[in-house]
Amino acid sequence: MRQWKIGIIGTGGIAEKMAQTLSQMPEVHLVAVAARDEQRALTFAQRFGAPRAYGSYLALAQDPEIDLVYIATPNNCHHEHALLCLEHGKNVLCEKPFTINEAQAQEVFAKAAEQNLLVTEALWTRYMPLSLQLKELLQNGVIGEPYLLQASMSALAPLQRLKDPALGGGALLDIGVYLLTIDAMIFGTEVENISTSVIKSEEGVDIQSCLSLKHPGQKLSVLNSTMLAVSDRKAYVYGSKGYLTINNLNNPEQIEVFDQNRCSVHIFQRPEQISGMEYEVLSCLHALEQGQIECPEIPHEETLRILRMMDSIRTQWGICYPCEQQSR
C-alpha cells in the first residue's frame, strides 16, 4: 500500500488536531510542517514526528517529497497559501472557510485546473459517515417531506483571529459556514431568499446573527450563530411525518428520529473515529488515486456557492475585510 506524504502549513490548534489524526492513519505520513517562526515549526515537528520543519511556507511548497499540503493558517491567508502550493505543484486540502470570498476561490480553482492538481475544502462535516446517513434517511422519507430546519452553533474560544477583521474574523466565516452546509444537506442548493439580523462587535465583525433561508416548496431554515452565548450545537429537522435531531452538527455524533407522535423510533450513532478529520484526508487520497482535481463530497461549485451566499450576507451587513479593500 502506498503511503502518501503530507505537509502542514500552520501550527495552531487545528493543525495539531490534523497532525494527531495523521499519526494514526497508516495510509499517510506527516513529513514536513511550516510556520513563519522556524523554532515553532521545529517544536511542532518534533512533537508529531515530522522529519522536516521549515521557517517559511515557500520552503515547504518547494519540498519535492510532499504529495498533499494541508493549509491551517488564518482565514485571510488561505488564498495566498493555496496559490503558493499549487504554483509549486502541490495538491491542497485547505481548511474552511476555503477563502475569504468567492473571487479568491475562483482564482484558486482556476490555478488548480491549469496545473491539473487536486484542491478541496476541509469542511469536515461533508465527509462524515453520519452526514451520508442523514442524506439516505431523508431520501428514504423517514420523516416524510422535510419543511423546517432550526440549527445553532457557538464559538466561545478566546481566539484573537475570531475578533480581528484583518484575519477574516467573525461568526459567519467560522461557524456560519457549517450552518449553511447543513442547510444544503437538508434542502439542497436552490435558495429563493435570505433574510438576516446581525450584531457586530466594536471591531466590526459579526458576533451574533440569525439567517433565514427560504427554499422552493415552502421550506425554511432558521440558522443562529453566536460568539456570545453557549449553543447546544444541534440541528432540528421537522417533516410531514416526524422529525429528527442531529447532535453536534459540525461533527455529527447522533441522529435521532421521532415519529408523528413525537416518540423516538431510531437512533443512529457515528462510527468510532480518530477525530473525524481522517475522512477528508481519505477522500483526498481516493481522488488523487483517481486523478481527480476535486472531491465528490464537496465539489468546487458548492464551495463557490456557499462563499457567494456569505459574500451577499456580509454585503447586507456592511462587512468588508481589509484584504478585500486592498484588492479593489
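Looking at Thr99 and His78, their side chains never bring a donor and an acceptor atom within 3.5 Å of each other. Side-chain contact annotation: Tyr321 with Asn75, donor-acceptor N/O pair under 3.5 Å absent. The closest side-chain donor-acceptor pair between Ser154 and Ser231, if any, does not fall under 3.5 angstrom. No donor-acceptor contact under 3.5 angstrom links the side chains of Asn250 and Thr125, judged on distance only. Counted by atom type alone, Asn247 and Glu253 present zero donor-acceptor pairs between their side chains at under 3.5 Å.
At least one donor-acceptor pair closer than 3.5 Å links the side chain of Asp63 to the backbone N or O of Glu65. Looking only at distances, no side-chain donor or acceptor of Ser209 sits under 3.5 Å from a matching main-chain atom of Val198. At least one donor-acceptor pair closer than 3.5 Å links the side chain of Asp67 to the backbone N or O of Lys5. In terms of modelled atom types and a separation under 3.5 Å, the side chain of Gln115 and the main chain of Leu86 share a donor-acceptor contact.
For CD of Gln24, the number of neighbouring non-hydrogen atoms (other residues, nucleotides, ligands) closer than 6.0 Å is greater than 12.
For the salt bridge (charged side-chain N to carboxylate O under 4.0 Å, His left out) condition, no pair includes a residue of residues 31-45, sequence neighbours left out. A salt bridge (charged side-chain N to carboxylate O under 4.0 Å, His left out) check over residues 283-302, counting only residues at least two apart or in different chains, returns the pairs Arg126-Glu302, Glu301-Arg308, Glu302-Arg305.
Between Glu192 and Lys219 there is no salt bridge, since none of the side-chain N atoms of the basic residue sits less than 4.0 Å from a carboxylate O of the acidic one. The pair Asp174-Lys96 meets the salt-bridge criterion, with a side-chain N (NZ, NE, NH1 or NH2) lying under 4.0 Å from an Asp/Glu carboxylate O.
Take His300 and apply the ring-ring contact (aromatic ring centres under 6.0 Å, His included) test, not counting sequence neighbours, and it matches Phe109. Every side chain to side chain contact (heavy atoms under 4.5 Å, CB included) that Glu278 has, sequence neighbours left out, goes to Thr21, Met25, Gln273, Ile274, Ser275. Contacts of Ser197 classified as side chain to side chain contact (heavy atoms under 4.5 Å, CB included), with partners at least two apart in sequence or in another chain: none. For Gln260, the side chain to side chain contact (heavy atoms under 4.5 Å, CB included) partners are Lys241, not counting sequence neighbours.
Of the listed residues (Glu121, Glu102, Gln106), just one forms a side chain to side chain donor-acceptor pair (under 3.5 Å) with Thr303, and that residue is Glu121.
You'll find the ring centres of Tyr127 and Tyr279 outside the 6.0 Å limit.
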